[in-house]
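Down below is the structure, laid out as structure tokens.
The chains referred to below are lettered A, B, ... by the order of the sequence lines, with proteins before strands, and numbering in each begins at 1.
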There are 2 protein chains.
Amino acid sequence: MTTEHQARKPATIYDVAARAGVSHQTVSRLLLGHDGIRPETRERIQVALAELDYRKNVMASNLRNGRTGMISLAIPSLNQPYFAELAQHVIVAARSIGLTVFVETTEGDPDREREIVSGSRASLVDGILYSPLALGSGDLETIDAGSPIVLLGDRILHSQFDHVTMPNAGGARAAVQHLIAQGRTRIAVIGAEHPSDYGAATLRMQGYHEAMRAAGLPTDARLQVVAGQWVRSDGVTATEQLIASGIPFDSIFCFNDALALGALRALQSAGISVPQDVAVVGFDDTEDASYSVPSLTSVTPHTEQLAELAVTLLDRRIKGMAETTPQDLVSDFDIKVRESSAVS
Amino acid sequence: MTTEHQARKPATIYDVAARAGVSHQTVSRLLLGHDGIRPETRERIQVALAELDYRKNVMASNLRNGRTGMISLAIPSLNQPYFAELAQHVIVAARSIGLTVFVETTEGDPDREREIVSGSRASLVDGILYSPLALGSGDLETIDAGSPIVLLGDRILHSQFDHVTMPNAGGARAAVQHLIAQGRTRIAVIGAEHPSDYGAATLRMQGYHEAMRAAGLPTDARLQVVAGQWVRSDGVTATEQLIASGIPFDSIFCFNDALALGALRALQSAGISVPQDVAVVGFDDTEDASYSVPSLTSVTPHTEQLAELAVTLLDRRIKGMAETTPQDLVSDFDIKVRESSAVS
DNA sequence: TGGTCCGATGTTATCGATAATATCGTAGAG
DNA sequence: CTCTACGATATTATCGATAACATCGGACCA
């Protein structure tokens with residue numbers, strides 16, 4: 001009502017230049033912060049910019065520069081709290097160094113995972129943070145992305161790419177040691193042998209074995225349960241399976257929080273009390289863990305730090321300032337002891 | 001090892017054209033699926049494309065077309081399960097019609113919310129799905145985005161923009177009716193009067209009052225608790241407050257699941273059993289709700305449908321095929337009755 | 001007082017894909 | 001047998017920003 005509506009077509013630097021009575025190049029120079037512009041000219045241009053409500057056409061700029069300031073984050077799904085939180089941290093870390101993040105969800109579909117790096121969208125971003133679930137290391141070797149890639153998460157194999165991982169084995173070992181310290185001896189595991197060679201499962205399993213062996217405790221293969229996609233419903237199923245088997249256990253180490261929350265749920269439904277009858281420990285320390293009933297003890301892999309390491313490393317690669325050999329970074333971890341495994 | 005490594009510089013249609021002995025335009029025509037190319041020529045080009053591992057330069061294409069096939073989704077944070085799930089659904093819905101989604105998190109910061117629509121990144125996307133938290137309707141009126149905007153969520157005021165909302169009042173009414181049907185009469189509310197004129201709070205409160213009035217039940221203002229950002233910790237705080245006040249209540253209707261999960265947590269810590277002593281109902285039906293202990297009764301706003309409505313509407317706007325008057329779409333809803341409010 | 005250098009700005013080329021227009025050769029019409 | 005029309009392909013212009021290079025008018029020095 002107050003002022004008339006602006007026209008639809010956005011103004012270009014040419015429009016601004018015409019209005020200010022200078023050449024487009026002078027406008028560009030000002031916009032880029034280059035010097036060598038007379039104050040008076042500068043003033044006129046700035047007025048024109050404001051009057052025309054100039055906004056840079058990012059596409060044109062991108063084409064010319066060959067850079068977009070965008071990176072992809074490829075994860076299975078935002079429905080999984082761990083990945084949602086990871087994404088959030090990546091977005092924040094990226095923003096702090098001037099990058100924007102494209103969240104690409106693959107739903108664990110190998111085709112889509114492949115497409116992330118080879119599809120045309122890959123040419124749009126300056127780099128990719130990649131958390132492959134379905135693709136094995138074999139597939140990865142043959143990848144030829146146009147832009148730098150940093151692998152996030154859990155591969156075992158060293159490859160041509162940078163890795164930023166959480167302390168899988170160490171965290172698992174600590175988790176199991178914690179259970180042992182609480183007097184638990186029959187420690188079940190949920191999440192063993194993840195489908196595909198998802199490294200996390202293997203490494204966490206390894207940590208479990210190390211801790212058990214160090215304590216002189218036998219491991220019982222029947223207490224090591226596989227669990228589909230590591231989501232809550234898988235935790236329920238696996239736990240029901242454990243209970244139904246009749247094999248005694250006094251605690252469960254779940255390979256992520258979603259599984260653990262499912263386990264809590266299933267134990268409660270079966271009338272088994274936590275932590276009195278069975279202690280439960282998770283991994284990831286997603287926000288849910290603090291608010292479940294009982295609250296969940298969990299290994300916190302410092303996701304924020306992990307995200308920042310990954311983004312920083314990727315940025316260095318993009319700028320071509322990283323070392324030539326693939327880097328392997330590991331975040332810190334802690335154990336957050338909560339009700340689900342506290343001494344009663 | 002098997003084949004030599006490709007050069008770094010990606011091939012352009014000019015490179016392909018040169019290799020195939022045709023003009024770049026012919027290559028372009030083939031890539032766009034236009035006809036009028038001799039099979040033999042077509043064949044030669046296809047070989048060249050493959051040999052050079054051609055990938056379209058999306059930036060150039062974008063510049064020329066004036067379209068990017070990308071939309072922004074502006075939400076407060078992926079750390080909030082409701083928004084994470086919403087984002088996931090939006091991403092999937094968008095993908096099904098060929099759009100990619102930029103998830104922009106604002107952390108509820110007004111400046112960042114403003115920047116979403118006015119910043120230069122706005123010119124990069126074809127449209128924006130916008131879920132403003134901090135910005136009031138006043139701010140919104142003055143917005144002049146270059147691209148179409150669809151508001152997601154919970155504004156009351158009708159504005160110049162399209163809205164896609166969940167059935168706030170209806171859902172709340174149904175939730176309260178459900179509690180009443182269970183014999184509850186002293187029904188507390190957590191989430192009242194959200195800071196800023198966040199419409200959801202007002203509308204849900206309205207539904208609450210309607211249901212109470214319809215049942216001839218008095219409402220007690222002291223049982224209506226404000227709760228910061230509607231995250232879990234706010235639910236804990238608000239519930240503790242309620243308990244400490246000493247005012248009797250037999251149920252809590254929380255304005256979202258996060259608050260409800262916090263409430264469950266706080267009730268449990270205080271030794272109050274759910275649903276025997278106090279029934280709890282949430283709103284959003286995030287995945288957590290099914291897995292909490294006890295599982296949480298919640299209003300499910302059919303987020304998937306909501307996401308699809310929003311994406312479809314935005315797409316129609318982008319293509320200029322929507323009606324000229326702002327649309328107001330509302331998704332369906334259901335109540336998922338679970339343990340937290342089941343008759344004992 | 002003429003020449004050189006430099007500050008301030010203008011011109012032109014470029015990024016890669018795509019649309020609009022032009023060209024060439026030949027098959028069918030008159 | 002020449003002219004037209006059309007299929008197949010090539011040339012040129014365009015999107016908007018930016019880099020490289022060009023120009024123009026003094027100021028300063030010899």
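The local environment of CD in A/Gln25 is crowded, with over 12 non-hydrogen atoms from other residues, nucleotides or ligands closer than 6.0 Å. At most 12 heavy atoms of other shown residues, nucleotides or ligands fall within 6.0 angstrom of atom CD in B/Glu304.
An OP1 or OP2 oxygen of D/dA19 is reached within less than 4.0 angstrom by no side-chain nitrogen or oxygen of A/Ser28. The phosphate of D/dT18 (OP1 or OP2) has a side-chain N or O of A/Ser61 nearer than 4.0 angstrom. In terms of phosphate contacts, A/Tyr54 brings a side-chain nitrogen or oxygen within less than 4.0 Å of OP1 or OP2 of D/dA17.
If you take CG of A/Asn62 and P of D/dA19, they are 13 Å apart, rounded to a whole angstrom. Atom CG in B/Leu63 sits about 14 Å away from atom P in D/dT14, given to the nearest Å. The distance between atom NZ of A/Lys56 and atom C1' of D/dC15, rounded to the nearest whole Å, is 16 Å. The distance between atom CZ of B/Arg67 and atom P of C/dT18, rounded to the nearest whole Å, is 14 Å. D/dA17 atom P lies 13 Å from atom CZ of A/Arg64, rounded to whole Å. Across the protein-nucleic acid pair, B/Asn65 atom CG and C/dA19 atom C1' stand 10 Å apart, rounded to whole Å.
Non-hydrogen atoms lying under 4.0 Å from DNA chain D are contributed by B/Arg29, B/Gly36, B/Ile37, B/Arg38, all within residues 29-40 of chain B. Less than 4.0 Å separates DNA chain D from at least one heavy atom of each of the following residues of residues 15-25 of chain A: A/His24, A/Gln25.
Note that CG of A/Leu32 is 8.0 Å distant from OG of A/Ser61, once rounded to the nearest 0.5 Å. In this structure, the separation between NZ on B/Lys56 and CG on B/Leu31 is 7.5 Å, given to the nearest 0.5 Å.
Within the 3.5 Å criterion, the main-chain N or O of A/Asp111 finds a donor-acceptor partner in the side chain of A/Asp109.
Side-chain contact of A/Thr106 with A/Glu104: a donor-acceptor pair under 3.5 Å is absent, judged by distance alone.
Screening A/Ile37, A/Val27, A/Leu30 against A/Val22 for a side chain to side chain contact (heavy atoms under 4.5 Å, CB included) leaves a single residue, A/Val27.
Between A/Asp35 and A/Arg29, the shortest heavy-atom contact is O-CD, 4.1 Å.
Under the 4.0 Å criterion applied to side-chain N and carboxylate O atoms, B/Asp315 and B/Lys319 are assigned as salt-bridge partners.
Residue-to-nucleotide proximity on DNA chain D shows that, of A/Ala11 and B/Tyr14, the 5′-proximal contact is made by B/Tyr14.
Side chain of B/Thr26, nearest nucleotide from D/dT18, D/dT9, C/dA17: D/dT9.
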